[in-house]
Amino acid sequence: MSFTAAVITVSDKGARGERLDTSGPAICAMLEDRGWAVSYTAIIPDEREQIKYELVKCADELQVNLVLTTGGTGFSPRDVTPEATLEVIERRTAGIPEAMRAQSLRITPKGCLSRSEAGIRGRTLIINLPGSEKAAKENLSAVIDPVKHGLEMLLGSGSADCGEHHPHRKKKAPSMDEWLREAKADTNAHKVGMYLTHNGVVRATAKARVRQGDENARPVSGMVFSYDREMVEAAIADTYKLPGICYVRVWLNEGELDVGDDIMFVLIGGDIRPHVVDGLQYLVGRIKSECVTETELHECHGENQ
């Protein structure tokens with residue numbers, strides 16, 4: 001089973017271009033040598049809200065299996081990566097940082113000073129690594145094999161022998177209030193004059209009745225919903241190219257959904273209302289027409305249409 005990963009370097013100097021990031025590329029190389037697909041990387045400053053934003057983005061939007069951060073785990077007042085991580089995870093995995101600290105202590109007594117955290121958000125595992133290349137590689141080497149085993153359970157049905165993604169397990173919808181708080185903490189927030197949102201849900205009325213006027217279409221009892229992640233990312237990238245669009249965020253559900261369940265959340269921020277309205281309509285239209293597959297389930301016999 002192959003896994004995806006994101007590597008986020010947290011460093012004020014790195015984000016300003018004043019220090020060459022070596023830990024991030026070294027961690028990417030370690031993962032790729034072991035067959036992982038590194039699908040996202042970033043260098044950000046030691047800002048708590050920005051760290052939280054990147055972690056949530058990787059887990060909720062990009063849905064990578066593993067997020068590794070490097071940096072911000074020490075005693076400096078600016079070292080807030082563990083605090084940001086604890087605010088976004090849903091379940092702690094304390095054994096992972098314990099194992100990493102144990103490995104560091106075999107090399108130096110200063111290993112006890114690491115404040116790294118790890119935990120699960122949805123179906124994503126987040127782990128803090130130290131900022132130095134040497135320590136980051138040592139820490140990751142200590143846990144990478146058991147982490148793979150843990151992800152097989154996280155992405156399966158809970159059994160160590162079952163690594164398949166469960167096709168019927170729907171996801172927890174995000175908080176729009178939290179999204180807006182994070183959007184207003186984004187580096188482009190000063191350019192935004194308006195935010196607009198879209199929330200799609202599973203309706204009981206069949207598409208055939210709504211779109212084709214078929215009065216005999218049976219009521220909907222649910223929906224099997226899936227999407228193409230690469231196509232969604234392409235649609236988001238194209239939306240950023242539209243006039244005045246400064247902020248885009250998308251969440252899509254998946255699996256077997258019930259009537260009333262959330263299908264998607266979209267948040268668009270831009271300079272003026274016409275641009276934001278156009279951007280929202282463009283992105284939602286692209287997602288619905290190109291990126292998703294919807295199979296309605298009907299009340300009479302429960303068969304798919």
Side-chain angles (χ1 to χ4, degrees), residues 5-16 18-19 21 23-24 27 40-105 108 110-133 135-140 142-143 147 150 154 172 174-189 247 249 251:
V7 178
I8 301 171
T9 299
V10 183
S11 166
D12 285 333
K13 291 184 177 180
R16 293 195 298 263
E18 297 173 0
R19 175 185 294 166
D21 175 32
S23 60
I27 294 303
Y40 182 79
T41 61
I43 303 177
I44 60 174
D46 294 272
E47 295 290 346
R48 193 163 176 160
E49 292 302 317
Q50 197 162 348
I51 298 168
K52 288 166 55 181
Y53 169 77
E54 288 290 332
L55 296 179
V56 172
K57 173 183 176 180
C58 288
D60 295 4
E61 297 175 32
L62 304 181
Q63 295 178 17
V64 296
N65 305 134
L66 175 67
V67 180
L68 298 174
T69 67
T70 70
T73 62
F75 279 25
S76 168
R78 294 284 292 169
D79 289 338
V80 294
T81 303
E83 286 71 27
T85 300
L86 289 173
E87 287 191 49
V88 302
I89 61 174
E90 297 160 351
R91 294 184 287 162
R92 291 182 71 190
T93 55
I96 293 174
E98 288 172 3
M100 294 193 302
R101 279 187 280 270
Q103 173 67 15
S104 293
L105 282 167
T108 171
K110 294 179 181 178
C112 66
L113 301 180
S114 171
R115 299 190 308 109
S116 295
E117 289 285 350
I120 295 166
R121 180 183 176 92
R123 292 197 159 206
T124 298
L125 176 61
I126 300 171
I127 302 174
N128 303 151
L129 298 173
S132 79
E133 177 184 344
K137 291 167 64 176
E138 290 168 354
N139 277 219
L140 181 59
V143 299
V147 159
L154 179 63
K172 180 181 178 182
S175 163
M176 191 54 65
D177 288 340
E178 181 177 341
W179 270 26
L180 285 168
R181 284 196 299 271
E182 292 168 354
K184 292 174 182 178
D186 184 73
T187 53
N188 285 323
Y247 189 88
R249 191 162 183 178
W251 173 89

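Positions are given from 1 along the sequence.
Across every non-hydrogen atom of Ala189 and Ala183, the tightest pair is CB-O, 3.7 Å. Between Ala142 and Gln103, the shortest heavy-atom contact is CB-CB, 3.7 Å. What you find for Ile43 and Gly14 is that their closest heavy atoms are CG2-C, 3.6 Å. Of all non-hydrogen atoms in Leu55 and Val67, the two that sit nearest each other are CD2-CG1, 3.8 Å. Looking at every heavy atom in both residues, Val80 comes nearest to Glu47 through CG2-C, 4.5 Å. Nearest heavy-atom pair, Gly72 versus Arg115, reported as atom, atom and distance to 0.1 Å: O-NH2, 4.4 Å.
Using a cutoff of 4.0 Å between basic side-chain nitrogens and carboxylate oxygens, Arg101 and Glu98 are not scored as salt-bridged. A salt bridge does not link Glu83 to Arg48: none of the charged nitrogens lies less than 4.0 Å from a carboxylate oxygen.
Looking only at side-chain heavy atoms (C-beta outward), Gln63 and Arg123 stay at 4.5 Å or farther from each other. Looking at heavy atoms from C-beta onward, Ile44 lies out of side-chain contact with Thr9 at the 4.5 angstrom threshold. With a 4.5 Å cut-off on side-chain heavy atoms, Leu66 and Leu68 count as touching.
Taking OG1 of Thr85 as the start and CD1 of Ile126 as the end, the distance is 6.5 Å to the nearest 0.5 Å. Rounding to the nearest 0.5 angstrom, the gap separating the OH atom in Tyr53 from the CZ atom in Arg249 is 6.0 Å. Atom CD in Glu54 sits 8.5 Å away from atom CG in Leu62 (nearest 0.5 Å). To the nearest 0.5 Å, atoms CD1 (Ile120) and CD (Glu90) are separated by 9.0 Å. Rounded to the nearest 0.5 angstrom, Glu182 CD and Ser175 OG are separated by 8.5 Å. The structure places OH of Tyr247 at 10.0 Å from CG of Asn188, a figure rounded to the nearest 0.5 Å.
Counted within 6.0 Å of CZ on Arg91, heavy atoms from surrounding residues, nucleotides or ligands total 12 or fewer; the atom is thus considered open. No more than 12 heavy-atom neighbours from other residues, nucleotides or ligands sit within 6.0 angstrom of NZ on Lys137.
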Would you sort out whether Leu125 and Asn65 count as a side chain to side chain contact (heavy atoms under 4.5 Å, CB included), showing the intermediate values? CA-CA 6 Å; Leu125 176 61; Asn65 305 134; over 6 Å; no
Report the C-alpha separation of Ile127 and Ser116 in whole Å, then their side-chain angles, then the decisive distance to 0.1 Å, and conclude whether the side chain to side chain contact (heavy atoms under 4.5 Å, CB included) test is met. CA-CA 8 Å; Ile127 302 174; Ser116 295; over 6 Å; no
Quick one: do Ile27 and Leu140 satisfy side chain to side chain contact (heavy atoms under 4.5 Å, CB included)? Show the steps, please. CA-CA 8 Å; Ile27 294 303; Leu140 181 59; 3.9 Å; yes
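Remark: Arg121 pairs with Asp60 by the salt bridge (Lys or Arg N to Asp or Glu O under 4.0 Å) rule, at least two apart or across chains.
With no hydrogens or angles considered, no side-chain donor-acceptor pair links Ser11 and Asp46 at under 3.5 Å. Looking only at atom types and distance, the side chain of Thr81 has no donor-acceptor partner in the side chain of Asp79 under 3.5 Å away.
Side-chain atoms of Ser132 come within 3.5 Å of backbone N or O of Ala135 as a donor-acceptor pair.
Of the options Arg78, Glu18, Arg19, a side-chain contact (heavy atoms from CB on, under 4.5 Å) to Asp12 is made by Arg78 and by none of the others. Of the candidates Leu129, Ile8, Val10, Leu129 is the only one forming a side-chain contact (heavy atoms from CB on, under 4.5 Å) with Thr70.
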